[in-house]
**Q** 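Please see the structure below; I have some questions.
Given the structure is predicted, the values throughout are model-derived calculations rather than measurements. Quick note: numbers below take in every heavy atom, side chains included, and nothing from hydrogens, waters or symmetry partners. Just so it is clear: chains get the letters A, B, ... in the order the sequence lines come, proteins before strands, and each one is counted from 1.
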Amino acid sequence: MPLPGAQAGQEIFCISGGLGLTDSIVMEPLGGLKRTCYCGQVRPSHMGTRITLMGWVQRRRDHGGLIFIDLRDREGVVQLVFSPDAPAVHAKAHDIRSEYVLAVTGDVRMRPDGTQNTGLATGLVEVAVTELKLLNDSAPLPFMLEDDTDVSEMTRLKYRYLDLRRPSLQNKLVLRHKVAMSTRNYLSENGFLEIETPVLTKSTPEGARDFLVPSRLNPGAFYALPQSPQIFKQILMIGGFDRYFQVVRCFRDEDLRADRQPEFTQIDAEMSFVEAEDVITVMEGLIRRLFKDGIGLELKTPFPRLTYKEAVGRFGLDNPDVRFGLELVDLTETVRNCGFKVFDDTVAKGWPVKAVCAKGCAEFSRKDLDDLTAVAVSYGAKGLAWVKLTAEGWQSPIAKFLSDDVKAAITKALNAATGDLILFAADKPSVANTVLGRVRLNIGNRMGLIPKHGFNFVWVTEFPMLDYDETEKRYVAVHHPFTAPMDEDLARLDTDPLTVRAKAYDLVLNGSEIGGGSIRIHRSDVQSKVFGKLGISEDEARLRFGFLLDALSFGTPPHGGIAFGLDRVMAIMTGSESIRDVIAFPKTQKAADVMSEAPSTVDQKQLDEISIRVVKKKAE
RNA sequence: GGGGCCGUAGUUAAGUCGGUUAUAACGCUGGCCUGUCAAGCCAGAGGGCGCGGGUUCGAGUCCCGUCGGCCCCGCCA
């Protein structure tokens, strides 16, 4: 069959046990030849020695006389030189093309003065080739394998094996390996045991949609792929293992984002006989170690902390980006009874009026303000009130509704000055905070307030335990149903459940949540009660979590843990826009693998075996 | 479920108000060339515009549908 990328008129056919491409060049077996070092590792210290390299042709520069070939392997690139003085290898080199696979033996020598390449780690030396074996040829490439490629991501994913040869992607995966190794080393040194948990597990009602796996031996019954090993790691604590960890794949059948894939990797850990502080301390050590071993960076610990209330109050979001200011200010009291109907109505409902003061942004154009309004609306705001503080005073659609006293009070509360832009949100707390939080990020990006380099960690603690789901008309767990309430709030679980804080903590890096965990409920009576609050009946609880409730009744130690999203950590550590760049074989937004073309239909025979019938969706 | 952006040679893009034979760069093929490293110079091949309808004398250009990619809301911790 024609290979991908082959062009009409130059079709290349892949014949089993294939012969050479052309008459003049023949593929050869390895024939016992051994590599002596990686291409990227050749240095002046090798001068005068004869080495053997194996790799791919990055580029050929044929001067008719001299031929230069850049040979690449995973460690880097080195320049090979073919001189007409050695006619046999020189002739072979003439027919070499990009991405041919070569084995070469040659002598390392210093490059002549004036021809050194300082942009290359191997740029002081070159290899004068004495023997060349063509191990394989290559069809013409669908795209150029260069780091600064602007090839569409779809093409890159279709030919992922080529994309993976690019040094930038290779380096990211090498770094990912280092971080995974450091995780294992650090946690092992600290008494954690790596224990595997099942991939075929029981579906649970809470949380994300499960990926289901039909059971052939039990027709009509299904396993679920784990959303996380949560229950199993708790069971391991009950089983007496005390400290557990795993670098583990998790599955959630939800829509994708730049930082979300349907299968992703967690660094998952759990400890017994600990409180939140103990988990946080050990995990700060882990993060320190990962950044030290990974990119040689010494992080300062302990990381700063914010309570959930502070985070949302000051930054609008529970994953605050604390790399810049532009904090939210609560103006509820400042505008109480101010006479502006929108504000008065909001305050009357017990909702907040909040604002951010964007320093020096009074120059924003109509379009800038429209963009910000669109951001606000997309997060549920009805609009976005703004004020430009100009030399002439308030320039604003709402200026006429506010007295000079109120204007002065607002300006003072925000510490605003001429040249500033004020943006308001008046809504229920969740909307007001989210909207201003997102507007804040937008302005931060727009104005270049966010430092490009650096890693800014913050723990967010004291999350609320429960949230009320308006569509389902019931309480839902903010973290998960096994999270313990704070001891001093426990009593309010019956009287005022939304005010109960959980022993939960998230680690936020540069405004991204990279990990989260909690101290778990270790008493079956408390767990039963929480299930009750979540609207899970006793029958349902027994059906879905009976084994956990049973286990909790047999001497469960206090325990808690955390899970980090390895993909997100790696994306931020490597400065990648998307976690797809730190995953060897990622999926598209439709959860497809465009290289292997998964998912796919299967034979009727396979369906029959597992008692599955496919129902075509009716066209509406 | 919803909103936005995007599909034109192998790749990345240009293509005006619908109008002759759809441009360019890189890559590819052939030739020349002994110090290049995005090598250089000369010549050449290569697409009918994601797919399917429609409007029109005439459709990359307009309309409808559909498939796919990216970002986001919902969803998800």
Side-chain angles (χ1 to χ4, degrees), chain A residues 3-10 12 22 58-70 77-85 90 97-98 111-120 122-123 126 139-159 162 206-209 227-228 230 250-262 264 266 318-319 374-375 377-380 434 438 460 463 469 471 476-480 483 504-508 512-518 562-565 568 577-578 580 587-590 592 594 619-620:
Chain A
L3 290 171
Q7 295 172 16
Q10 51 163 105
I12 294 161
T22 67
Q58 175 69 32
R59 189 169 273 113
R60 180 184 63 120
R61 293 178 295 279
D62 188 341
H63 287 230
L66 282 179
I67 297 173
F68 300 99
I69 286 177
D70 293 335
V77 168
V78 70
Q79 174 166 285
L80 311 179
V81 187
F82 297 81
S83 164
D85 303 341
H90 184 264
R97 294 292 181 272
S98 289
R111 294 194 187 189
D113 274 346
T115 67
Q116 293 92 346
N117 185 344
T118 52
L120 215 55
T122 60
E126 61 190 11
L141 299 170
F143 56 91
M144 280 185 286
L145 306 187
E146 288 171 348
D147 268 347
D148 53 351
T149 183
D150 55 352
V151 183
S152 78
E153 197 166 11
M154 201 188 356
T155 307
R156 289 174 49 201
L157 289 175
K158 183 174 177 189
Y159 303 100
L162 297 178
E206 289 287 303
R209 269 186 282 267
Q227 297 178 23
S228 79
Q230 182 58 39
C250 304
F251 306 86
R252 290 174 191 161
D253 188 7
E254 297 293 346
D255 288 355
L256 286 78
R257 288 286 189 282
D259 62 353
R260 255 163 45 193
Q261 290 264 306
F264 59 99
Q266 285 189 345
D318 63 6
N319 52 339
V375 169
V377 168
S378 78
Y379 286 93
T434 304
R438 294 293 167 176
V460 179
F463 276 76
D469 186 321
T471 43
V476 293
V478 169
H479 188 59
H480 57 54
T483 301
Y505 32 83
D506 277 0
L507 185 59
V508 175
S512 288
E513 183 211 323
I514 59 159
S518 63
I562 196 164
F564 294 101
R568 286 185 187 179
E577 300 262 316
S578 158
R580 290 187 296 276
K587 294 195 165 41
T588 68
Q589 195 153 48
K590 279 248 177 126
V594 294
E620 298 280 322

**Q** Could you check whether A:R61 gets within reach of a base, just the sugar-phosphate, or nothing at all, counting any heavy atom under 4.0 Å?
**A** base

**Q** Quote, to the nearest angstrom, the C1' distance that separates B:rC17 from B:rU56.
**A** 16 Å

**Q** Has A:F68 got its ring stacked on the base of B:rU36, with centres under 5.5 Å and planes less than 30° apart?
**A** yes

**Q** Take atom CZ of A:F82 and atom C1' of B:rU34, then tell me their distance rounded to the nearest Å.
**A** 15 Å

**Q** Name all residues meeting the side-chain hydrogen bond (donor to acceptor under 3.5 Å, both in side chains) criterion together with A:R260; count only those two or more places apart in sequence or in a different chain, and write none if there are none.
**A** none

**Q** Tell me the partner of B:rG68, counting only Watson-Crick (N1-N3 plus N6-O4 or O6-N4) or G-U wobble (N1-O2 and O6-N3) with both under 3.5 Å; none if nothing fits.
**A** B:rC6

**Q** Under 4.0 Å, counting only non-hydrogen atoms across every strand here, what does A:S152 touch: a base, just sugar-phosphate, or nothing?
**A** sugar-phosphate

**Q** Describe the nucleic acid contact of A:D318 in one word from base, sugar-phosphate, nothing, applying a heavy-atom distance below 4.0 Å.
**A** base

**Q** So A:D506, base contact, sugar-phosphate only, or nothing? Heavy-atom distance under 4.0 Å.
**A** base

**Q** Can you see if the side chain of A:Q227 gets near the phosphate of B:rA77 - specifically, an N or O under 4.0 Å from OP1 or OP2?
**A** yes

**Q** Taking B:rU66 as the reference, what is the distance to B:rG7 when you measure between their C1' atoms (whole Å, please)?
**A** 13 Å

**Q** In whole Å, measure the gap between the P atoms of B:rA25 and B:rU21 for me.
**A** 23 Å

**Q** Say we look at B:rU8 and B:rG69: how far apart would their P atoms be, to the nearest angstrom?
**A** 15 Å

**Q** With C1' as the reference atom in both, quote the distance from B:rA14 to B:rC26 in angstrom, rounded to an integer.
**A** 15 Å

**Q** Taking A:D85's backbone N and O only, do any of them form a donor-acceptor pair with A:S83's side chain (distance below 3.5 Å, no angle check)?
**A** yes

**Q** Which part of the nucleic acid does A:G207 contact within heavy-atom distance under 4.0 Å: base, sugar-phosphate only, or nothing?
**A** sugar-phosphate

**Q** What is the separation between atom CG on A:L145 and atom P on B:rA38, rounded to the nearest whole Å?
**A** 16 Å

**Q** Of all the nucleotides listed (B:rG10, B:rC71, B:rC26), which has the minimum atom distance to the side chain of A:A258?
**A** B:rC71

**Q** Any base atoms under 4.0 Å from A:T115, or only sugar-phosphate, or nothing? Heavy atoms, all strands.
**A** base

**Q** Given atom CD of A:Q589 and atom C1' of B:rC75, what is their separation to the nearest angstrom?
**A** 13 Å

**Q** Tell me which of A:E126 and A:E254 sits closer to the 5' end of RNA chain B, going by the nucleotide each one is nearest to.
**A** A:E126

**Q** Of the nucleotides B:rG35, B:rG69, B:rU11, which has the atom closest to the A:F143 side chain?
**A** B:rU11

**Q** Hey, does the side chain of A:E254 reach the backbone of A:R209 with a donor-acceptor pair shorter than 3.5 angstrom?
**A** yes

**Q** In whole angstroms, how far is the P atom of B:rG35 from the CD1 atom of A:I69?
**A** 17 Å

**Q** Output the single nucleotide from B:rC71, B:rG69, B:rA77 whose closest atom is nearest the side chain of A:K590.
**A** B:rG69

**Q** Less than 4.0 angstrom between a side-chain N/O of A:S378 and OP1 or OP2 of B:rC73, yes or no?
**A** no

**Q** With distance as the sole test, does A:R111 use its side chain to make a donor-acceptor pair with the main-chain N or O of A:G123 at under 3.5 Å?
**A** yes

**Q** Is a donor-acceptor contact shorter than 3.5 angstrom present between the side chain of A:R59 and the base of B:rU36?
**A** no

**Q** Could you state the atom-to-atom distance from CG of A:D259 to P of B:rC70 in whole Å?
**A** 14 Å

**Q** Name the orientation of the base relative to the sugar in B:rG48: syn if the glycosidic angle is within 90° of 0, else anti.
**A** syn

**Q** Donor-acceptor pair under 3.5 Å: do we get one between A:D70's side chain and the base of B:rC37?
**A** no

**Q** Check ring-ring contact (aromatic ring centres under 6.0 Å, His included) between A:H480 and all other residues, then give those that pass, not counting sequence neighbours.
**A** A:F482

**Q** Using the C1' atom as the reference point in each nucleotide, state the distance between B:rC62 and B:rC73 in Å, no decimals.
**A** 31 Å

**Q** Is it true that A:R60 and A:D62 make a salt bridge, defined as a side-chain N closer than 4.0 Å to a carboxylate O?
**A** yes

**Q** Whole-Å distance between B:rG35 P and A:L80 CG?
**A** 18 Å

**Q** Looking at the side chain of A:V478, which of B:rC37, B:rA39, B:rA77 is the nearest nucleotide?
**A** B:rA77

**Q** Taking atom types as they are modelled, would you say the side chain of A:R257 forms a donor-acceptor pair with the base of B:rG74 within the 3.5 Å cutoff?
**A** yes

**Q** Report yes or no: is there a donor-acceptor pair, N or O only, under 3.5 Å between the side chain of A:R260 and the base of B:rC76?
**A** yes

**Q** Please answer whether B:rA77 and A:H480 are stacked, defined here as ring centres separated by less than 5.5 Å and planes angled under 30°.
**A** no

**Q** Would you indicate which nucleotide in B:rU12, B:rG69, B:rU34 comes nearest to any side-chain atom of A:V151?
**A** B:rU12

**Q** Specify the glycosidic conformation (syn or anti) of B:rG60, with syn defined as within 90° of 0.
**A** syn

**Q** Please report the distance separating the C1' of B:rC49 from the corresponding atom of B:rU61, rounded so that it comes out in whole Å.
**A** 10 Å

**Q** Would you measure the distance from the P atom in B:rG52 across to the matching atom in B:rC32 and give it in whole Å?
**A** 45 Å

**Q** Could you tell me how far apart A:Y379 (OH) and B:rG4 (C1') are, to the nearest whole angstrom?
**A** 13 Å

**Q** How many whole angstroms separate atom CG of A:D62 from atom C1' of B:rG27?
**A** 17 Å

**Q** Specify the residue among A:D255 and A:A208 whose closest nucleotide of RNA chain B lies further upstream toward the 5′ end.
**A** A:D255

**Q** Side-chain contact test, heavy atoms from C-beta onward, threshold under 4.5 Å: evaluate it for A:L256 versus A:K590 and give yes or no.
**A** no

**Q** Does A:E146 reach the main-chain N or O of A:M144 with its side chain, forming a donor-acceptor pair under 3.5 Å?
**A** no

**Q** Tell me whether the side-chain N/O atoms of A:R97 come closer than 4.0 Å to OP1 or OP2 in B:rU29.
**A** yes

**Q** At under 4.0 Å between heavy atoms, what does A:E153 touch on the DNA or RNA strands: base, sugar-phosphate, or nothing?
**A** sugar-phosphate

**Q** Using a cut-off of 4.0 Å on non-hydrogen atoms, how would the nucleic acid contact of A:R580 be classed: base, sugar-phosphate, or nothing?
**A** sugar-phosphate

**Q** Heavy atoms only, 4.0 Å cut-off, all strands: where does A:D150 land among base, sugar-phosphate and nothing?
**A** sugar-phosphate

**Q** Which nucleotide, in any strand shown, forms a Watson-Crick or G-U wobble pair with B:rA43, with both distances under 3.5 Å?
**A** B:rU29

**Q** Testing the 3.5 Å rule here: is there a donor-acceptor pair between the side chains of A:R252 and A:Q261?
**A** no

